[in-house]
Amino acid sequence: MIDKRVSTLADMVADCPDLRDGAIVLIGGFGDAGVPEKLIETICELGLRNLTVVSNNAGSGDYGLASLLKAGCVGKMVCSFPRSAGSIIFEELYAAGKIELEIVPQGTLAERIRAGGAGIPAFYTATGFGTPLAQGKETREFDGRHYVMERAIRADVALIHARTADRWGNLTYPKTARNFNPIMAMAAATTLAEVRRFVDNVAPEEVVTPGIFVTRMVEIGER
Amino acid sequence: MIDKRVSTLADMVADCPDLRDGAIVLIGGFGDAGVPEKLIETICELGLRNLTVVSNNAGSGDYGLASLLKAGCVGKMVCSFPRSAGSIIFEELYAAGKIELEIVPQGTLAERIRAGGAGIPAFYTATGFGTPLAQGKETREFDGRHYVMERAIRADVALIHARTADRWGNLTYPKTARNFNPIMAMAAATTLAEVRRFVDNVAPEEVVTPGIFVTRMVEIGER
Amino acid sequence: MVKALSSEDIARRVARDIPNGAYVNLGAYVNLGIGMPMLVADYPVPGREFVLHSENGLLGMGPAPAAGEEDMDLINAGKQAVTILPGGSYFHHADSFAMIRGGHIDISILGAYQVAANGDLANWALPGPKPPAVGGAMDLVAGARQVWVMLATHVAKDGAHKIVERCDLPLTGLNCVHRVYSDLAVIDITPKGLVVTDMVAGLSAEELEAKTGAPLAFAESCRALLSGRAA
Amino acid sequence: MVKALSSEDIARRVARDIPNGAYVNLGAYVNLGIGMPMLVADYPVPGREFVLHSENGLLGMGPAPAAGEEDMDLINAGKQAVTILPGGSYFHHADSFAMIRGGHIDISILGAYQVAANGDLANWALPGPKPPAVGGAMDLVAGARQVWVMLATHVAKDGAHKIVERCDLPLTGLNCVHRVYSDLAVIDITPKGLVVTDMVAGLSAEELEAKTGAPLAFAESCRALLSGRAA
């Protein structure tokens, strides 16, 4: 029987060979909405090193992603907006030259992740053409307009947050906490989800992330 | 007040300047599921000429898309599978050299339409590499694998079929009748929908096609 | 005596200028950038409905909730709690930016450090040690059908021009801004350069030119206004 | 006396060979092509759950409905009425082919006109006046992690080989087939060529070689079978 539910975050994380030093890790969320905080904090305890983390923001306060940064697990951040209110830990690491940063326009970041999940190795976008963020990138003209070629992002692990899940891994998300979670679920070899509530069956027309994209998940309760 | 509902198919079609000779028209559906048949049949009466129709199949019987073909409105079909059971009218036109055909792998067709809607002018896919359907297309290697460059499809008009709609044009679809409809809704200057039932409000987390992609729609009743 | 507009005045004016769609009752789809543009949400126009898009995955964004009613699952691009109006919907980030990149957003309203007479925009990076942060600004200026810029003040605090011949800060996009709303004027950016379409009362053409780093033309309507004041 | 397998026998065997996923209880995701592969859905394996994907936008495809229960909103890639199992979901075509192209489908099971020893596949176009039609076959062979081919007969009715050194019909994909199930044998396609892993009783290696248009090697298990019969 297919059953992707695991009892504890610690068990789920321990049984994930793709979580290793140097791994590329997608982390869902935008600001504080939809960030898999409990899952991130469990991973902190693994003491991993040199992770490349792809996430829209670079954490705030000392919880969630910021705790992973503080623990020294992250060698590089790929994000669109690391300068959120309270992203002090990231800013300190950045100022000290202890972390690499790749800034990507937010829509390009989303599309690169979606492309990774959809088997598209590269695509063209007008976003960023003529700006410093296109420096060193190949450009090309189509029908009289200039575009930048962008490469897909594929990861070893995606960490996501969802509202409900059934045993097959079909997911729904709460409101704007949906954000990057569904596309990140598509773009990793292993997708781990923290889920507020397990249900018997997500209605087939209301599924946002089909179970095919989900490897393992743990129920964390409503916030 | 935003209200995209129109009383009759004839009114909707009459008030659509993008429906003109030579227009590129996306038509939703896969086999007979989710085909906007009533809408197509209304458009038949306009007597348009030289349309390029993009649709997965080339119609069957003498209803829906086949009626548009029979009426001589279509100069070119872009599709993945024109050889369905009962696609007699298309086969006759094709044999007589009266219609142009562009065959596109089904997933490439879907992705080209999605790219059109998403502002991506071109992308790479491994699909079709080394086959007759990649002939004349640019190819490129990424990370040791060969890919074909494919261009986006954007259309003048999309014709789609939906289950429910609210006045803002938020849509849901019935089961596998969803198929090409949501991505076609994104990829046209004007999107016209036939809808089984108008409702006051589609729940915001159950919306499949947000109203931003819909121009006008008519209620056609349950089948 | 020149009475500059408050940010609220500018927001009210911007809201009033948001047109209906191409079809009757179609509405306009508008994205509000972080900061000052968010004020536009506070000035609904009686009898006109438009739909606000928030890049993090929301159409039909409503005003801020009452104190104590905040739901941190429902936030805007600035990470502030908002509400959703009837007719709204949620979607993921790739779909949200498909709306932007695909040309489905009628108007993107953004703040700016500098706007050039050729429509170039600089609004994401300033000199300094802080890490750069771009968010969705580059996607918005590349994708929206129109880009409007709001400037709380026509010139910077230190007197530097914000409207310039060429931007010297890192660019957000090329030739992308269609219109600028400042506390002093409304200026269209046209293929021929800057065209003032409206000005606050009491301001002379010369005074506005002095506060602007690029040549200005004055639209017919504006010339009437100026000469009316002069009379 | 050689007893060739029926198409139903082949389908039963294929179903039995579908593995579980990489993790315990993960399940496999399997796409069934139009025609003979659809039979696989009729042979559930006790104690093992796998999820059938239908390219038109369905995961969790179940068997055909009872007569009179057909719902033409719920069809498979062959446009036949099907059912949906608990745990299933619907999605649009771009998402469906993102699953395929993105490598999320564990196994694609397809029919074929010709399969070559290097894994090339031809299964979409025959000579003749009919318009060509490809459907999702090229996407499936390019995207699925494994491609299995089912042949109702090891050779064509006219005696022509279906398993060949090089395909001469228009290709569906290059180097994409991993395994072939025919009425006579199961053959893995490896970097070193064709390796027979199983054969029907009573068939000799020489007979199979005569019916195959490319050199065959025989796996250890298969050699034991052959020598056992010979003994």
Side-chain angles (χ1 to χ4, degrees), chain A residues 34 105-129 138-154 162-164 170-179 181-183 186 196 202-210, chain B residues 34 105-129 138-154 162-164 170-179 181-183 186 196 202-210:
Chain A
Q106 195 170 323
T108 297
L109 182 64
E111 190 67 10
R112 288 177 64 192
I113 295 165
R114 191 260 174 200
I120 303 292
F123 61 90
Y124 294 90
T125 174
T127 300
F129 179 82
E138 197 175 315
T139 62
R140 182 160 172 164
E141 196 174 323
F142 293 101
D143 302 330
R145 194 170 183 202
H146 296 280
Y147 297 88
V148 181
M149 190 179 83
E150 295 281 358
R151 296 296 308 274
I153 295 176
R154 268 201 69 89
R163 175 189 272 162
T164 61
N170 294 306
L171 306 181
T172 70
Y173 301 91
K175 303 176 183 171
T176 60
R178 187 180 302 196
N179 56 61
N181 286 297
I183 50 175
M186 298 168 65
R196 295 190 191 172
V202 178
E205 279 167 343
E206 291 166 23
V207 169
V208 177
T209 291
Chain B
Q106 195 169 324
T108 297
L109 183 63
E111 191 66 12
R112 288 177 64 191
I113 295 165
R114 191 261 175 197
I120 304 292
F123 61 90
Y124 294 89
T125 174
T127 301
F129 179 81
E138 196 175 315
T139 62
R140 181 161 173 165
E141 196 175 323
F142 292 101
D143 302 330
R145 192 167 184 204
H146 296 280
Y147 297 87
V148 182
M149 191 179 82
E150 295 282 357
R151 296 297 308 275
I153 296 176
R154 269 200 68 88
R163 173 187 272 161
T164 60
N170 293 307
L171 306 182
T172 69
Y173 301 91
K175 301 176 185 171
T176 60
R178 187 181 300 197
N179 56 60
N181 286 298
I183 50 175
M186 297 168 65
R196 294 190 191 171
V202 178
E205 278 167 344
E206 290 165 25
V207 169
V208 176
T209 291

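To find a chain, count down the sequence lines: A is the first, B the second, and so on, and within it residues start at 1.
Atom CD in A:E205 sits 6.5 Å away from atom CZ in B:R178 (nearest 0.5 Å). The distance from atom CE of A:M149 to atom CZ of B:R140, rounded to the nearest 0.5 Å, is 4.0 Å. In this structure, CZ in A:F123 is found 14.5 Å from OG1 in B:T125, a value given to the nearest 0.5 Å.
Legend: residues meeting side-chain hydrogen bond (donor to acceptor under 3.5 Å, both in side chains) with B:R114, ordered by chain and number and at least two apart, are A:E111. Applying the salt bridge (charged side-chain N to carboxylate O under 4.0 Å, His left out) criterion to A:R154, with sequence neighbours excluded, gives no partner residue.
Both the backbone and the side chain of A:Y124 come within contact range of chain B, each with at least one heavy atom under 4.5 Å from a heavy atom of that chain.
At least one side-chain heavy atom of B:D143 sits less than 4.5 Å from a side-chain heavy atom of A:R151.
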